[in-house]
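Here is the structure we will look at, set down as structure tokens.
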Amino acid sequence: MAKGIFPIEKLERIDTPFYYYDTELLRQTLRTINAEAGKHEGFCVHYAIKANANPKILRFIREAGLGVDCVSGGEIEASLKAGFSPSKIVFAGVGKSDWEINIGLDNDIFCFNVESIPELEVINELAGQKGKVARVAFRLNPNVGAHTHANITTGLAENKFGIAMRDMMSVIEEAAGMKNIKVVGLHFHIGSQILDMGDFEALCNRVNELQNELERHRIIMEHINVGGGLGVDYQHPNRVPVPDFKAYFDTYAKKLKLRPGQTLHFELGRAVVAQCGSLITRTLYIKQGAIKQFAIVDAGFPDLIRPALYQAYHKIENITSEEPTQTYDVVGPICESTDVFAKQIDLNQCRRGDLLAIRSAGAYGEIMASQYNCRRLPQGYMSDEI
């Protein structure tokens with residue numbers, strides 16, 4: 001049971017729904033990342049800010065020494081406000097607007113991950129207007145599948161992301177003729193919530209092939225960026241609170257053939273913050289339907305959209321009840337049939353006012369919340385501040 005990790009009396013005084021972050025677990029996760037990545041020379045970890053941009057979360061991550069991976073101008077601004085060095089910021093995204101590119105140029109960020117020739121041409125033009133040279137890495141689409149949800153697979157040829165492998169040399173040659181562009185690396189990302197290390201091995205094999213081809217043209221990149229994608233155990237957040245970073249980094253250390261002096265960059269998001277966060281919601285009513293029993297709570301899909309969007313599983317616990325279990329559909333107040341967090345799950349008997357914890361919600365929870373139905377955005381609280 002997880003009841004012991006929640007300060008129930010303190011949580012009961014806070015208006016629900018809200019996000020609760022276990023700061024000690026976040027610290028432990030960051031320590032593990034640094035320890036495992038630090039075993040391998042040249043490994044650099046960037047936090048994918050799209051997973052969670054809560055300023056308090058960002059402070060912990062910055063203090064741990066990680067860089068940051070951004071996919072919008074707003075994320076660059078949030079990173080700078082949180083104190084991240086521009087020299088540790090990478091900027092990805094298939095559709096960068098001019099104002100977003102200019103933010104990156106004005107702050108001399110480490111690298112733009114470029115996804116098309118038209119984008120490269122715009123970055124060259126805007127950099128030229130400022131008298132600057134933009135550092136870029138080409139995001140290549142390796143056509144490597146990942147064992148994950150179809151909506152978060154990004155490395156297949158059919159996806160919108162990256163430059164086709166067959167176009168790699170022509171893009172590099174075109175960039176060589178642009179005076180305001182400096183090519184510093186290659187970038188890849190095959191998807192998210194990946195638990196099968198074989199997927200990452202397949203990416204390593206593809207990168208090795210590409211590096212061999214580049215060497216035949218006497219080209220060696222300074223940096224290789226393999227994105228992120230490491231998943232978490234949504235089924236057992238108490239048993240596996242920290243993802244298997246050792247297996248993840250060791251896979252790349254053993255399978256990826258880096259050239260002397262090359263650095264290897266990672267963009268981890270979900271794996272950093274998912275397990276430390278829970279959505280705390282209060283039970284409003286217990287409704288006995290014709291064939292089901294419903295626990296109706298005050299959180300809805302505007303507060304945590306993953307179950308509605310991806311049919312994602314989150315473990316749910318009644319953290320205020322010790323009574324025998326009953327079976328419930330846990331549903332929210334939104335007048336749409338997709339507003340369901342879980343169906344036919346066993347919870348300690350629920351009564352009006354009980355607090356439920358929807359676990360593993362630190363990634364793509366608070367950051368994806370909306371004000372649909374004119375609802376208030378959920379607040380986020382750190383365990384060491386309440």
Practice prompt. Using the rule that two of Ile, Leu, Val, Met, Phe, Trp, Tyr join whenever any of their side-chain heavy atoms come within less than 4.5 Å, decide whether Tyr364 and Val340 are in one cluster.
Written response: no
Discussion item. Can you confirm whether the side chains of His187 and Glu115 place a donor and an acceptor under 3.5 Å from each other?
Written reply: no
Item to complete: Take the angle between the ring planes of His314 and Tyr234 and call it parallel below 30°, perpendicular above 60°, tilted in between.
Response: perpendicular
Fill in: Short N-O contact, Glu24 and Arg31, less than 4.0 angstrom
yes
Worksheet item: Does a donor on one side chain and an acceptor on the other come within less than 3.5 Å for Gln129 and Asn180?
Response: no
Worksheet item: Under 3.5 Å, is there a donor-acceptor pair linking the side chains of Thr283 and Arg352?
Response: no
Worksheet item: Between Gln211 and Asn208, is there a donor-acceptor pair closer than 3.5 Å when you use the side chain of the first and the backbone of the second?
Response: no
Worksheet entry | Donor-acceptor under 3.5 Å (Gln262 side chain, Met221 main chain) | yes
Discussion item. Within a 6.0 Å radius of atom NZ on Lys130, are there more than 12 heavy atoms belonging to other residues, nucleotides or ligands?
Written reply: yes
Worksheet item: Say you draw a straight line from OG of Ser85 to CZ of Arg62; how long is it, rounded to the nearest 0.5 Å?
Response: 11.0 Å
Fill in: Minimum side-chain heavy-atom gap Lys182-Val136 below 4.5 Å
no
Discussion item. Just by distance, no angles: are the side chains of Asn52 and Tyr21 close enough, under 3.5 Å, to form a donor-acceptor pair?
Written reply: yes
Worksheet item: Ile117 and Met169: same hydrophobic cluster, using ILVMFWY side-chain contacts below 4.5 Å?
Response: yes
Practice prompt. Kindly indicate whether the side chain of Ile334, heavy atoms from C-beta on, has any atom under 4.5 Å from the side chain of Asn373.
Written response: yes
Worksheet item: So do Thr29 and Cys276 actually touch side chain to side chain, heavy atoms under 4.5 Å?
Response: no
List, one per line, each side-chain donor-acceptor pair under 3.5 Å for residues 73-80, sequence neighbours excluded.
{"unit_1": "Glu75", "atom_1": "OE1", "unit_2": "Val71", "atom_2": "N", "d": "2.8"}
{"unit_1": "Ser79", "atom_1": "OG", "unit_2": "Glu75", "atom_2": "O", "d": "2.8"}

Practice prompt. Salt-bridge test for Arg376 and Asp15: reply yes if a basic N is under 4.0 Å from a carboxylate O, no otherwise.
Written response: no
Discussion item. Within the 4.5 Å heavy-atom criterion, are Leu377 and Gln371 side-chain neighbours or not?
Written reply: yes
Worksheet item: Hey, is Lys255 close enough to Asp250 for a salt bridge, meaning N to O under 4.0 Å?
Response: no
Worksheet item: Are Leu355 and Thr16 side-chain neighbours, meaning at least one heavy-atom pair lies under 4.5 Å?
Response: yes
Discussion item. In the structure I gave you, are the side-chain heavy atoms of Ile358 and Ser278 within less than 4.5 Å of one another anywhere?
Written reply: no
Fill in: Main-chain N/O of Arg139 paired to Asn113 side chain as donor or acceptor, under 3.5 Å
no
Worksheet item: Is the backbone of Arg351 close enough, under 3.5 Å, to the side chain of Asp354 for a donor and an acceptor to pair up by distance?
Response: yes
Item to complete: Could you check if a side-chain atom of Ile89 sits within less than 4.5 angstrom of a side-chain atom of Cys70, using non-hydrogen atoms only?
Response: yes
Worksheet item: Counting distance only, does the side-chain N/O of Ser321 pair as donor-acceptor with the main-chain N or O of Asn318 below 3.5 Å?
Response: no
Worksheet item: Is Glu41 atom CD crowded by more than 12 heavy atoms from other residues, nucleotides or ligands, each under 6.0 Å away?
Response: no
Discussion item. Quick check: closest heavy atoms across Lys10 and Ile386, and the distance to 0.1 Å?
Written reply: NZ-O, 3.3 Å
Discussion item. Test of understanding: with ring-ring contact (aromatic ring centres under 6.0 Å, His included), list the residues that count as partners of His265, not counting sequence neighbours.
Written reply: His46, Phe110, His223
Worksheet item: Have Asp298 and Thr281 got a donor and an acceptor in their side chains that come within less than 3.5 Å?
Response: yes
Worksheet item: Under a 4.0 Å N-O cut-off, is there an ion pair linking Lys254 with Glu201?
Response: no
Discussion item. Tell me whether His40 contacts the main-chain N or O of Gly42 through its side chain, where contact means a donor paired with an acceptor under 3.5 Å.
Written reply: no
Discussion item. I'd like to know if the side chain of Asp196 and the backbone of Gly198 have a donor-acceptor N/O pair within less than 3.5 Å.
Written reply: yes
Worksheet entry | Main-chain N/O of Pro86 paired to Asp108 side chain as donor or acceptor, under 3.5 Å | no
Worksheet entry | Which atom of Gly269 lies closest to which atom of Ala51, heavy atoms considered | C-CB, 3.8 Å
Item to complete: Look at Lys56 together with Glu385 and state whether they make a salt bridge at an N to O cut-off of under 4.0 Å.
Response: yes
Worksheet item: With no hydrogens and no angle check, is any side-chain donor or acceptor of Lys132 less than 3.5 Å from a backbone partner on Leu105?
Response: yes
Worksheet item: Are the side chain of Asp339 and the backbone of Phe301 linked by a donor-acceptor contact shorter than 3.5 Å?
Response: yes
Discussion item. Under a 3.5 Å threshold, yes or no: a donor from one side chain and an acceptor from the other, between Ser360 and Gln275?
Written reply: yes
Fill in: Electrostatic pair Lys343:Asp329 at N-O distance under 4.0 angstrom
no
Worksheet item: Which pair of non-hydrogen atoms, one from Phe112 and one from Ile101, has the smallest distance, and what is that distance?
Response: CZ-O, 3.6 Å
Item to complete: Check each of Phe188, Tyr248, Phe266 against Phe200 using the ring-ring contact (aromatic ring centres under 6.0 Å, His included) test, and report the only one that passes.
Response: Tyr248
Worksheet entry | Val226 side chain reached by Ile224 side chain, heavy atoms, under 4.5 Å | yes
Worksheet item: Same hydrophobic cluster for Val272 and Tyr252, using side-chain heavy-atom links shorter than 4.5 Å among ILVMFWY?
Response: yes
Practice prompt. Could you walk me through whether Tyr381 and Tyr19 pass ring pair (Phe, Tyr, Trp, His ring centres under 6.0 Å), step by step?
Written response: CA-CA 6 Å; Tyr381 298 91; Tyr19 279 90; over 10 Å; no
Fill in: Donor-acceptor pair between Gln379 and Glu366 side chains, under 3.5 angstrom
no
Discussion item. Applying salt bridge (charged side-chain N to carboxylate O under 4.0 Å, His left out) to Glu63 and Arg59, what does each step give before you reach the verdict?
Written reply: CA-CA 6 Å; Glu63 290 174 351; Arg59 175 173 59 84; 3.7 Å; yes
Item to complete: Return yes if a side-chain donor-acceptor contact under 3.5 Å exists between Gln326 and Asp346, otherwise no.
Response: no
Item to complete: Just say parallel, tilted or perpendicular for the rings of Phe43 and Phe249, cut-offs at 30° and 60°.
Response: tilted
Worksheet item: Can you list the steps and then say if Thr320 with Glu12 is a side-chain contact (heavy atoms from CB on, under 4.5 Å)?
Response: CA-CA 9 Å; Thr320 55; Glu12 286 180 334; 3.7 Å; yes
Worksheet item: Is Arg375 salt-bridged to Asp303, cutoff N-O under 4.0 Å?
Response: yes
Worksheet item: Going from OG1 on Thr23 to CD on Gln28, what distance comes out if it is rounded to the nearest 0.5 angstrom?
Response: 11.5 Å
Worksheet entry | Salt bridge flag under 4.0 Å for residues Arg239 and Asp233 | no
Discussion item. Any salt bridge linking Glu215 with Arg218? Criterion: basic side-chain nitrogen under 4.0 Å from a carboxylate oxygen.
Written reply: no
Fill in: Any donor-acceptor N or O pair under 3.5 Å, side chains Asn348, Thr325
no
Worksheet item: Is NZ or CZ of Lys292 both nearer than 6.0 Å to the six-membered ring centre of Tyr328 and within 45° of the ring axis?
Response: no
